[in-house]
Amino acid sequence: MTGTQQRTPETEVAARPGRWLALSVLVLAVLLVAVDATVLGLATPYISEDLKPSGTQLLWIGDVYSFVIAGLLVSMGSLGDRIGRKKLLLTGAVAFGAVSVLNAYASSPGTMILARALLGVAGATLMPSTLALIRNIFHDPRERSLAVGIWGAMASAGTAVGPVVGGFLLEHFWWGSVFLINLPVMAVLVIVGAKLIPESKNPVPGPWDLPSVGLSLVGMIGVVYAVKEAAAHGFNWDVAATALIGAAALASFVRRQLTLSSPLLDMRLFRNRGFSGAVLADLLTILGLAGLIFFLSQFLQLVQGREPFEAGLAELPAAVGAVGAGLIAGTVARRFSVRAVVAGGLAAVGLALAALTTLSQSTGYPLLGSALLVVGIGAGFSFTVTADVILSSVPKEQAGAASAVSETAYELGAALGIAVLGSIVTGVYAGFTAPAGTPADVASAAHESLGGAVEASSSLPAAQAHELLASAQGAFVDGLQLAAGVGAIVLLATAVAAWFMLKGQHLEN
């Protein structure tokens, strides 16, 4: 090319110095959504004490946010492709801030579950928009890898920053404050993002198919709910009916996408083995981690007796590892191979979870901190590279739909992880035997949750309270050990699958 090279709109965008400032605003949204998904773990004991939810309601409070996000991500990613990703992002940010107030002032378990569901609706507009905008702002493959690395690092950091920020707030304010921190962040996102983020959308999008939206939502929530209920209470006719309805809706969704000229999700993307392998790795990585992390905060506080802020700091090595790995993941994958980095990262997480099967009430922090650091490094490598593979596999016009698939895998994995691994913990925990002479109402409250046991024991004589708590804490640790073992098996099996499915896959140079 000569010095008189013509500058196209695409090269103009790529050359804009403001693209890195725009990225900083986008990762702010990602950071906040990730914080909101994890901060609840520390607040759970306080919510249990204040709202007194049942064990099932407590699980719903924990996972309905991810259920709704998983059900709507594909639809919202496709909507952003059509109406404009910036427009959807800013609209979602306003809604996210407003609904956060409802979460903060929820006065009953039912209201809290509804508020978390509505927050999931708003969150579903944010996540695919951010990744899709990165795909359209950064056209140079190496710059995009770095941008995706920063995006992934912030998503991972949010999972650990959440407990630290939440721990500080819980020690100084009431539990609703962990949701009110969303307001100033979203205000900055809207004000700054309106000026810095360039709009992008599919130039020939076609109509937004509402029947497909409904099928996606019903199918995803139906299947995830069935898995959750089967794990918690066993398989019965209600669970079977829900699973069949969900599966039928998803099958109808797929058939409908194959017949539409402008589908919400182009199913041909899954013919790409690298794309499918990356999506599977995302889903099972988060499945193996989410349920365990959800209960780890309770272990640190209610079993080891740490204060909320200290418990949050104890989880920080996971963020440090994830941020560091995410920033160099693209470079490492180009030097070695995509499958080596992804499979290696997954295996590292699996081995760290296996180490956590030795967890006990007296476990020292060096083992726990080291395991969390390895988990962060492994997840940072795997999640960042798979996100890059997914984005680079599609034309930029379909960036929203592809991003939504990536985020759906993440959120579906989180929902399933809390449902399946969380139900293992609660199932083992519920089987502990209360000491002889424990009043029936106290024993019932103690069996609902470990937080309930801590509160209920306060009404007993000291010796009896100690015996009840020791029994409850022992059962909780037993459940955590079993969940860690199941998570380790899932991650190690996924590492093997990723090694074969990602064979020959490369990042763009």
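These numbers were taken from a predicted model, which means no experiment stands behind them. Only heavy atoms go into these numbers, but all of them, side chains included; no hydrogens, no water, no symmetry mates.
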Assess the residue pair L351 and V374 against the criterion (side-chain contact (heavy atoms from CB on, under 4.5 Å)); give the C-alpha distance rounded to whole Å, side-chain angles, the decisive distance to 0.1 Å, and a yes or no. CA-CA 9 Å; L351 292 174; V374 174; over 6 Å; no

For A226, is there any backbone N or O sitting under 3.5 Å from a side-chain donor or acceptor partner on T242? no

Note: V341 and A333 closest approach over all heavy atoms is CG2-CA, 3.7 Å

Does any N or O in the side chain of S382 come within less than 3.5 Å of the main-chain N or O of A379, such that one atom is a donor and the other an acceptor? no

Can you tell me how far apart CG (L26) and OG (S24) are? Round to the nearest 0.5 Å. 8.0 Å

Do T386 side-chain atoms and F383 backbone N/O form a donor-acceptor pair below 3.5 Å? yes

Atom of A495, atom of A347 and distance for their closest heavy-atom approach: CB-N, 3.7 Å

Would you name the heavy atoms of V477 and S360 that are closest together and state the gap between them? CG1-CA, 4.0 Å

Ignoring hydrogens, what is the shortest heavy-atom contact between K86 and G193? Give both atom names and the distance. CE-O, 3.6 Å

Could you tell me if the side chain of L189 sits less than 4.5 Å from the side chain of L90, heavy atoms only? yes

Give, for atom OG of S100 and atom CG of L119, the distance between the pair rounded to the nearest 0.5 Å. 5.0 Å

Between S216 (side chain only) and V213 (backbone N and O only), is there a donor and an acceptor less than 3.5 Å apart? no

Given side chains that start at C-beta, do those of P317 and Y365 come closer than 4.5 Å, heavy atoms only? yes

Considering only heavy atoms from C-beta outward, does the side chain of V342 approach that of L346 to under 4.5 Å? yes

Between T358 (side chain) and A355 (backbone), is there a donor-acceptor pair under 3.5 Å? yes

So P263 and D209, do their side chains get closer than 4.5 Å, heavy atoms only? no

With a 4.5 Å cut-off on side-chain heavy atoms, are V332 and F381 touching? yes

Please report the interatomic distance CZ(R116) to OH(Y65), rounded to the nearest 0.5 Å. 6.5 Å

List the atom of T125, the atom of M76, and the distance in Å for their closest heavy-atom pair. CG2-SD, 3.8 Å

Looking at F299 versus F476, is the centre-to-centre ring distance below 6.0 Å? no

Are L89 and L126 close enough that some pair of their side-chain heavy atoms sits under 4.5 Å apart? yes

Please report the C-alpha distance between L250 and L215 in whole Å, then the side-chain angles of each, then the deciding distance to 0.1 Å, and finally whether the side-chain contact (heavy atoms from CB on, under 4.5 Å) criterion is met. CA-CA 6 Å; L250 287 180; L215 289 171; over 6 Å; no

So, does Q304 use its side chain to make a donor-acceptor pair with the main chain of T363 at under 3.5 Å? yes

Are the side chain of Y429 and the backbone N or O of G479 linked by a donor-acceptor pair below 3.5 Å? no

Would you confirm whether W499, through its side chain, and G344, through its main-chain N or O, come within 3.5 Å as a donor-acceptor pair? no

Main-chain N/O of A329 paired to R334 side chain as donor or acceptor, under 3.5 Å: no

L368 and L356: CA distance, side-chain angles, deciding distance, side-chain contact (heavy atoms from CB on, under 4.5 Å) verdict: CA-CA 7 Å; L368 183 59; L356 291 180; 3.9 Å; yes

Donor-acceptor pair, distance only, cut-off 3.5 Å: does the side chain of R85 make one with the backbone of L133? no

Indicate yes or no: at least one non-hydrogen side-chain atom of R255 is less than 4.5 angstrom from one of T259. no

What's the separation between atom OG1 in T384 and atom CD1 in I328, rounded to the nearest 0.5 Å? 10.0 Å

Closest heavy-atom pair and its distance - S212, L260: OG-CD1, 3.7 Å

How many angstroms lie between CG in L353 and CG in L359, if you round to the nearest 0.5 Å? 11.0 Å

Do the non-hydrogen side-chain atoms of R273 and K503 ever get within less than 4.5 Å of each other? yes

Begin from the C-alpha positions of L491 and L284 and carry the test side-chain contact (heavy atoms from CB on, under 4.5 Å) through to its verdict. CA-CA 7 Å; L491 266 296; L284 294 180; over 6 Å; no

How long is the straight-line distance from CG of D478 back to CD1 of I424, given to the nearest 0.5 Å? 13.0 Å

